[in-house]
Amino acid sequence: MSSSGRCGAGRHGRDRRAQVLLPAPGRARLTGDVPSTAVVGGGIAGLAAATALAERGVRVTLYEREEGLGGRLAGWPVRLADGSRATMSRGFHAFFRQYYNLRGLLRRTDPGLTSLVPLPDYPLRHRDGLADSFAQVPRTPPWSALGFVALSPAFGWRDLAAMEPRAALPLLDVRVPEVYERFDGISAEDFLDRINFPRAARHLAFEVFSRSFFADPRELSAAELMVMFHIYFLGSSEGLLFDVPREPFPQALWEPLAGYLRGHGAEVRTGTPVHRVRTLPEGDLVVECEGTADRHQAVVLALDTPGLRHVVGASPQLGDPVWREDIAALRTAPPFLVSRLWLDRPVREDRAGFLGTSGYEGLDNVSVLDRWEGEAARWAARTGGSVVELHAYAVDEGAERKEVQRRIVGQLHEVYAETSDARVVDAVHEWRADCPVFSVGGYRRRPAVRTPHRRVVLAGDHVRTGLPVALMERAATSGFLAANQLLTGWGVRGQVLWTVPRSGRSRLLSALATRAARP
């Protein structure tokens, strides 16, 4: 195994308290008659699983329904009204510094992570004029929280003093997975009410997290929100600043990784949806696609929520009744919209490359892509224009889509007034409704990596890992864990993983939180 596979994610991390998870001992790789494994799904989770397996000599076939890899970070070509070509995607994603396992995956083809560029700030703006920034906030807890209070116009010392200390103490000592036992049964909104968190700061600091799950705070599990707070703020010294790809996702990330997999003997089949999985009496599995049926010794189901429900529903031999019912019960979040606009004039130079917004009744963030993405920057330089992307999360399912599109463009004009006079050279509006939702009380029914079938494992950002990970990092971590589960069964040592601390950093605060939890 390469050195980047062993310790790259931890070696480059700034947090000295990042925790290592060592795999079960075993051989370095398989030799002789090696098993064949199907990885169904070519998003981050599937790519992580396929990489760990192929590096250790497993014969891997990666099946992806779409023509390109990346899952919810895929991209595809479009031709604009001015005749130029561009790459459209499902929208902006932030690569936070505490995404150790995702970054370790990307280092397979980019050891220095030169394909990523840091953004200088993560500004948040509310419609009433309040704004926050994380650029000057210290990264290391507890100074991160104290620095935020000292610098924030939305959350001051009076707000801190007005909070309910006994109810708020669990935020200071989030323990995973125990936090789900205590707080999965209430909503994020109810928890914030319980601790008397100020409304203005709630919009700026917390709703951003819940919107990252494409969910309304009234529907999101409080435990999931608390884990997010731990990962990005009080549990890690990596802070809330992040990196973004220098080029569109396919060119920067997934095409190089596909070449890496092929170099390790993996077969990558894009444009190949899997219809079902059958089991054979001797224990092997058959993956059925259109016109083909391939025999494998193991299967990684690294599908999104609708895809997993479909494949399991069409594969009656997989799992037991309880597990199958839990898969069938998985829900998806409300629809979201990504609108990308190619404008005939630039956005003002002092505007942030990424801006989180709140209170606009639709618009959740604004990205000026030509500030960091090479393809967009080249178009802007050639035309004198700019490329702007708008996100609207958790859209009402009954909303008229064209009206939502029109409304968030109008809200862009309110946020960045100079865009109101710009001519839209072209616009692409991408609607999706396939993200997992982490609803109140849903944790116990969410599937884990292991399944009732010892040769079938799950991966994805909807999968329970028992670790403080979320979003893209949960996808990457679960993919590696799925590979490790299979490798352990074959006597092979799997992937070393890293995570932010799995509990609070302060012994004093932990003791206080434990005491507050007593009846």
Side-chain angles (χ1 to χ4, degrees), residues 36-47 49-50 61-67 69 71-72 74 90 213-215 219 269-281 283-336 397 431-439 441-465 474-475 478-479 481-482 485-486:
S36 172
T37 297
V39 177
V40 184
I44 291 173
L47 289 166
T61 302
L62 177 63
Y63 301 85
E64 168 54 42
R65 175 187 60 200
E66 304 296 337
E67 294 299 328
L69 299 174
R72 290 200 286 278
R90 296 161 52 105
F213 287 111
F214 306 95
E219 304 295 329
R269 299 185 189 175
T270 55
T272 308
V274 168
H275 298 311
R276 67 172 181 158
V277 178
R278 288 190 290 111
T279 61
L280 298 177
D284 284 358
L285 300 118
V286 176
V287 172
E288 294 187 0
C289 306
E290 191 67 37
T292 65
D294 304 320
R295 185 166 177 163
H296 299 280
Q297 282 70 62
V299 172
V300 180
L301 295 177
L303 296 153
D304 61 18
T305 299
L308 181 62
R309 286 200 309 253
H310 169 76
V311 170
V312 171
S315 308
Q317 296 172 307
L318 290 185
D320 57 33
V322 172
W323 181 81
R324 294 178 61 80
E325 288 172 7
D326 288 346
I327 297 297
L330 290 173
R331 295 174 50 206
T332 52
F336 69 93
E397 293 184 4
W431 285 90
R432 299 289 176 123
D434 54 4
C435 296
V437 63
F438 304 108
S439 55
Y443 182 77
R444 67 178 182 83
R445 296 196 71 181
R446 278 164 50 191
V449 169
R450 293 185 179 184
T451 77
H453 194 296
R454 66 183 182 88
R455 294 191 187 178
V456 177
V457 290
L458 300 186
D461 61 353
H462 53 281
V463 172
R464 286 188 295 167
T465 65
R474 181 181 284 152
S478 67
L481 287 172
Q485 181 69 27
L486 296 176

Shortest non-hydrogen contact from [X] toward [Y]:
X	Y	result
Ala433	Pro335	CB-CA, 3.9 Å
Gly283	His453	O-CE1, 4.3 Å
Pro436	Ala333	O-CB, 4.0 Å
Glu64	Gly42	OE1-N, 2.6 Å
Leu330	Pro447	CD2-CD, 3.7 Å
Ser478	Val449	O-CG2, 4.2 Å

When you check the gap from the basic side-chain N to the acidic O, do Asp461 and Arg474 get nearer than 4.0 Å? no

Using atom types as modelled and distance alone, determine if a side-chain donor or acceptor of [X] lies under 3.5 Å from a backbone N or O of [Y].
X	Y	value
Arg278	Pro316	no
Thr272	Tyr63	no
Arg72	Arg90	no
Ser315	Val277	yes

Partners of Arg309 by side chain to side chain donor-acceptor pair (under 3.5 Å), sequence neighbours excluded?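 Arg309 satisfies side chain to side chain donor-acceptor pair (under 3.5 Å) with no residue once adjacent residues are dropped.
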
Just jot down the side chain to side chain donor-acceptor pair (under 3.5 Å) partners of Arg295, sequence neighbours excluded, or say none.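 With sequence neighbours excluded, Arg295 shows a side chain to side chain donor-acceptor pair (under 3.5 Å) to Glu282, Asp284, given in chain and number order.
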
Test: Arg464 cationic atom under 6.0 Å from Tyr443 six-membered ring centre, within 45° of axis: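 Yes, Arg464 sits over the ring of Tyr443.
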
Find the distance between [atom1] ([X]) and [atom2] ([Y]) and round it off to the nearest 0.5 Å.
X	Y	atom1	atom2	answer
His275	Glu288	NE2	CD	9.0 Å
Ile327	Thr451	CD1	OG1	9.0 Å
Thr305	Arg331	OG1	CZ	11.0 Å
Gln317	Leu280	CD	CG	8.0 Å
Glu290	Thr292	CD	OG1	8.5 Å
Leu285	Gln297	CG	CD	8.5 Å

Ignoring hydrogens and geometry beyond distance, is a side-chain donor-acceptor pair present between His296 and Thr37 at under 3.5 Å? no

Donor-acceptor side-chain pairing of Gln485 and Arg450 below 3.5 angstrom: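 Note: Gln485 and Arg450 side chains meet the donor-acceptor criterion.
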
Which of Leu458, Val274, Leu308 passes side-chain contact (heavy atoms from CB on, under 4.5 Å) with Leu303? It is Leu308

Can you find a pair of side-chain heavy atoms, one from [X] and one from [Y], that are under 4.5 Å apart?
X	Y	value
Phe438	Glu219	no
Leu486	Val457	yes
Val287	Val299	yes

What salt bridge (Lys or Arg N to Asp or Glu O under 4.0 Å) pairs are there with at least one residue in residues 298-308, not counting sequence neighbours? Arg65-Asp304

